[in-house]
Amino acid sequence: MTAEPSPTLKIHCEDVSKTFIQKGHIGVPVIRDISLDVEENEFLVVLGPGQCGKSTLLRIIAGLETPDTGYVTLDGQPIVGPGPDRGLVFQGYMLFAWETVMGNVEMGLKLRGVPKHERREVAQHYIDLVGLTGFEKHYPHQLSGGMKQRVGIARAYANSPKVMLLDEPFGQLDAQTRMFMQKETARIWEHEKRTVVFVTNNIDEALFLADRIILMEGKLPGRIKREYVIGLPRPRDHAHKDILELRAMITAQTELVL
Amino acid sequence: MSSEHVKIRVTNLTKRFGDLTVLDSIAFEVKAGELVAIVGPTGCGKTTFLNTLSKLMPATEGSILIDGEEANPRRHNISYVFQEPTCLPWRTVRENVAYGMEIKGVPHAERMERTDRIMEIVGLSSCAHLYPNQVSASMVQRIAVSRAFAVEPDLLLMDEPYGQLDVKLRYYLEDELVTLWQKLQSTVLFVTHNIEEAVYVAERILVLSNKPTKVKAEIPVDLPRPRDFLEPRFMEIRQQVTELIRWW
Amino acid sequence: MSSSIANETVGSASVREGRTLWEMLTNTYVLYFVSLAGFFLLWDRVAYLHVFGDSLARPHVVAQKLYMLSQVKFAGTNLAGHIWVSTQRVLIGFGLASVIAVPLGLFMSLNQYANAIVKPIFDLFKPMPPIAWVSISILWFGIGEFSKVFIIAIGTFVPCLLNAYNGIRLIEPELYDVVRVLGGSRKDEIIQVSFPASFPAIFAGLQISLSVAWTCLLAAELMNARDGMGFLIKRGMDTHDPALVLGGMVLIAAMAWLSSLLISLLERKACPWKRSIENL
Amino acid sequence: MGYEEVRVDRPLLLRLLPFISVGTFLLLWEWSVRSGMVPEVLLAPPSQVFSLFFEKLSEPNPDGAVLAVHAWTSLQEAFLGYGLSLLVGIPLGLAMGWFRIVEGIARPIFELIRPIPPIAWIPLTVFWFGIGLTGKVFIIWIAGIVPCVINAYVGVRMTQPTLIQMARTYGATDWQIFCQLCVPSALPMIFGALQIALAYCWTNLVGAELLAADTGLGYLITMGGRLGRPDIVVLGMVCVGLSGAILGFIIDIIEKRLLAGIRR
C-alpha cells in the first residue's frame, strides 16, 4: 500500500472482490482482487468481453454494490453508497419514460432541492452541450437510441459529478452512430473535464477514447490482465495506422470466445 | 472466382411511401458467385432496400431480375440473414439449419446430407442437438448463416449479421463466411454499417447515398485473401469509402 | 441523427391499397359490415322461425321494448332511472374498493413486513369467486343498497390490489439505481420511480375490476332488487319476456363497454408518455 | 471456477409473520362469534364450519345432497364448459390472429358479445335449456371462451416479425407460416389462457348455480342463505374457494410441464 497517495489520485480500489449469489445458494465469484488507481481527469477505459465482471466493478465504484473484500476510496474517502459525486450512465439508457428530456436531465438537481429556474438553466446547458437543443419536450420513446444515450449522459453531467462512470453506453448502437457518439463523448470530455471510467467490450471505442486501458480476463472471476497507456494525440481517427497496430497487439492478448 | 455471368440485375428500383421517396432508381448488377458489400450512412433506408430486394415489400417501380427472370421467393432461392436472431426456439440447431430446405421442399435424404455438410464447415456439429437458447449469441447467428447457405441460394442477403460482436470474433466469423461462400459459390449481398467489415469481406462495395437512396459509387476491392487490415491498400480503400459516407 | 427516426417509422405506413375485386371484398371494414349484418339477420331468422320456441325476441322487438321502457315508468322508474341506479351502485362499490385496494397494493409491494402480514390473508380470499359472497352479504346487510355495493367492492378489490402490487414488483430495478446514483433517498425512489412506473399496471387493474364490477352488480341484482338493469333481466325471466331479458343484456353490455372506454380515456390523459408508445 | 454453496437467511420475523397473521385472523374470527360480538345468525365460527364439513360428507339435509354430490355436479359443469371453451376459443383465436378474413368476420361478433357479463345469459339459457346441465355449461363456455380467444389472438400477433419475414423469403405459404411459426410462438400465451379461463369459468359457475340449480356448490351457498344458516354459506364459500385453488394449482403444474416441453 502506498504510504503517500499522489495528490492527483481520484479513485483508488484496493483488492476488491465480489461474489454474487444465484438461485439463493450458489455463489458465483464475479471479480477477484482488483486494485486500481484513477488519476484526476483521466479517461480510463475498462475493456473486456461479455461476462468478465467489468460492470460489477463499475457498480462498486458507483456504490450500488458493496465489495465482499477490499475497499474503494474517492478523494481518499471510502465509498459507502451511491452519491451525486459520481454520475453513472447505463447500458440500457434507463431513462424515466414518464419524464420529458428536460425532466430526465434535471432529475438529479430536483432530488437535491435546487430551485426550479436554476435547475432549468443548468439542465438546458447540458442539453445544449450534448446537442439535443429543441428536443426538451420530447419523451424518451420519441428519440433514437443515440439520442436516448445523450440524455443519459446529460442527466449524469447535470449533477456536476466529480467522476463520470459509463457502463457500455453505446452497446446498442450501429457502427456509425457509435463512432459519432464516441466523437461526441471526446468532445464533451474536452469541454468539461472529468475523471471518467468507461466500461466497454469494443476495442475500437477503447482506443479512440482512452488515456489508459485496463484489459480484463475473458472469464469469471474478473481480474486485471494487462494495462496499456495510450499516449496518442487527440482528436484520434479510428482508421489511423497507430490505432490499428495497437488494436492488433491488444486483440492478440485476448482469447476467442465463440 | 466470379464468372462473367450476370446473376442479379436490378434496374430503376424505386420505393415511395406516399410522397416520401426512400429508394430512388437504384440500379446495379451482381455476377454469379460474387460477394458484394453494400454500405451507406445510418438511416439510408437500408431496411427498405433489403425488404424490397427480398420481395418482402413490393417496389413502386423497377425490377429485380434473377437469371433474367423477375425475382420470386417461391421460384427462386432467396435467403435473408437478419440482424436480430431468427432461430426457431422450438427446433434444435440441426432442425433450424434444415428449416429453409424444408420449406423449399428439398427431399429428406438430400436435406440431411446438406445439413451435415454445412454444419461440418461451420463447426456446428458438436451442438446439433441443442436448442438455440442453450448456445451463445454468436452461435445463433452462425445457425442463421448456415440455414441461409444450405438452400443453395440464388441470392443471399445479409443484414449486418455480426453487428454487435467484438473484433476478434467478428473477424473469425467473417473468415468463416468467406470460406462458406468460396466453397458453395453463392451470390451474396452483404449490407453493413461497418466499413472495415465491408472492405474485409467484399469483392466489390456499393456505396449508398442518404435518402432518397441511390447508388453513389462502386468500388472494387481487388485485395488477395486472407486480407490484412494493416495493409496500406486495405487502409486506402477503407479511407476512400469512409470519405464517401462520413457524417460523424 | 434524426433521420434515423424517420427511417424506423416509415415502415408502418406501408399499407397496400386494394386494387382487385377480391381485395376490395376482403377489406376489413367490408368484412366487419358483412359479419354484423349476417349476425343480426341470423338472429332475426332464428327468432322468426321459433327455433327456440317463443324464447327469443327479434332484434327490432328488443329495440321497441327498450324505446317503450324509456317512455313509461316500469317498476317505479323509467329506463334512464334503472340505468342510473345500477351505475351508481357500480361507481360506489368500485370507487370504495379502488380507493382502498390500490394504496394497499402499493404499500404491500413497498414494505415487506406489510406484505408478510396482508398477503397470506389476501391469498386466502383470492380464489373465492366474488359471486360466492352474494348470499352472505344478503345475510349481513339485508336486501338494501349496501349489500349490492358490498359485493361489487369485494369483487373489484382483488384485481385492483393485485395489479398495483405487481405493477411495482415488475419495475426494472436499475431504475431505482438511477435515483440512488443521482443522490436520491428511498423516498425519492418511491415518488420518482415506483408511483409513475406502476401507473399503467394500476389502470390495467382498474379495467379488469370494472368488468368484474358489472358481473357482480348483475349477480346482486338478479338475486334481489327492485330496480336496476339486473332487475329488468330478472323480471323478464320471471314473466317469460325474452325481449325484456335481451334488452337488459344490451343495456348492461353497453354500459360495461362505455365505462371501460372511459377508463381508457382517463389513462391516456394520465399517462401521455404511454399513449405515444402504443402509437409507434 | 468453483461455485460455492451459500446460505442466505431471511429475517426470522419475516418468515413467521404470514403464520402469525393467518392465525390471528382465524382466532379473531372464532372469538368474535363465540363472544357474541357478531351474532351467530350472521356468521359461523371456523370451528363450526370445520365440523359441519365432516357432517356434510354424509348428511344430505337440509339442502338435499351430501357435499360430494354438490362438488361433483359443479366439477362436471366446470370441466365441460372449460373444455368446450378451450376447444372452440383457442383455434378461433389463432385463426383470427393470422387470417384476415376470419378476423374480419369473427371480431365484430366477438366484440359485441364480450361486454355482456356471462351470467346475464342465465334467463335465456333457462328458457332454452331448462335448469339442467346444458344451460350452465353454456354460461361457463361463454365465460371461458373470452380469454382463450384473446390470448391465442395476441399470441399469434406477437410472433416475432423477422421470423415471418425469414420464412417468407424462403417462399413459405401462409398456411406453412401459420402452422410452423405462429402456433408455436403463441403457445406460451395459450398456456397463460388456461389459468385465466379457469378462473373465469369457476366464478361464473357459482353465478350460474346461484340462480338456476338444484345441486352444486353455488346452490349450497344459496340454500344456506335462504335457510338462514351462515355455517352452510361459509362452508360453501370455503369449498368453492378451495376447489378453485386446487384446480388452479393443477392447471399451473400442467402449464409448467408443457412450457418446459417447448422451451427446454
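This one's a predicted model, so the numbers in the text were calculated from it and none came from an experiment.
Under 4.0 Å is where a charged nitrogen must lie from a carboxylate oxygen, and between D24(B) and K211(B) no such pair does. Remark: E203(B) does not engage K31(B) in a salt bridge, criterion side-chain N to carboxylate O under 4.0 Å. We find that K55(B) and E70(B) are joined by a salt bridge, their nearest charged nitrogen and carboxylate oxygen being less than 4.0 Å apart. Taking the charged nitrogens against the carboxylate oxygens, E120(B) and R117(B) have no contact shorter than 4.0 Å, which rules out a salt bridge.
Proximity to chain D is absent for every atom of R75(B), based on heavy atoms less than 4.5 angstrom apart. Contacts of Y80(B) with chain D are made by both backbone and side-chain atoms, with heavy-atom separations under 4.5 Å. Neither the backbone nor the side chain of P153(B) comes within less than 4.5 Å of any heavy atom in chain D. Residue contact with chain D, scored on non-hydrogen atoms closer than 4.5 Å, involves the backbone and the side chain of I78(B) alike. Of the atoms belonging to Q160(D), it is side-chain heavy atoms, and not backbone ones, that fall under 4.5 Å from chain B.
The heavy-atom pair separating R94(B) from T115(B) by the smallest distance is O-CG2, 3.8 Å.
Of all the listed residues (N51(B), L88(B), N77(B)), the one sharing the greatest number of non-hydrogen pairs under 4.5 Å with chain D is L88(B).
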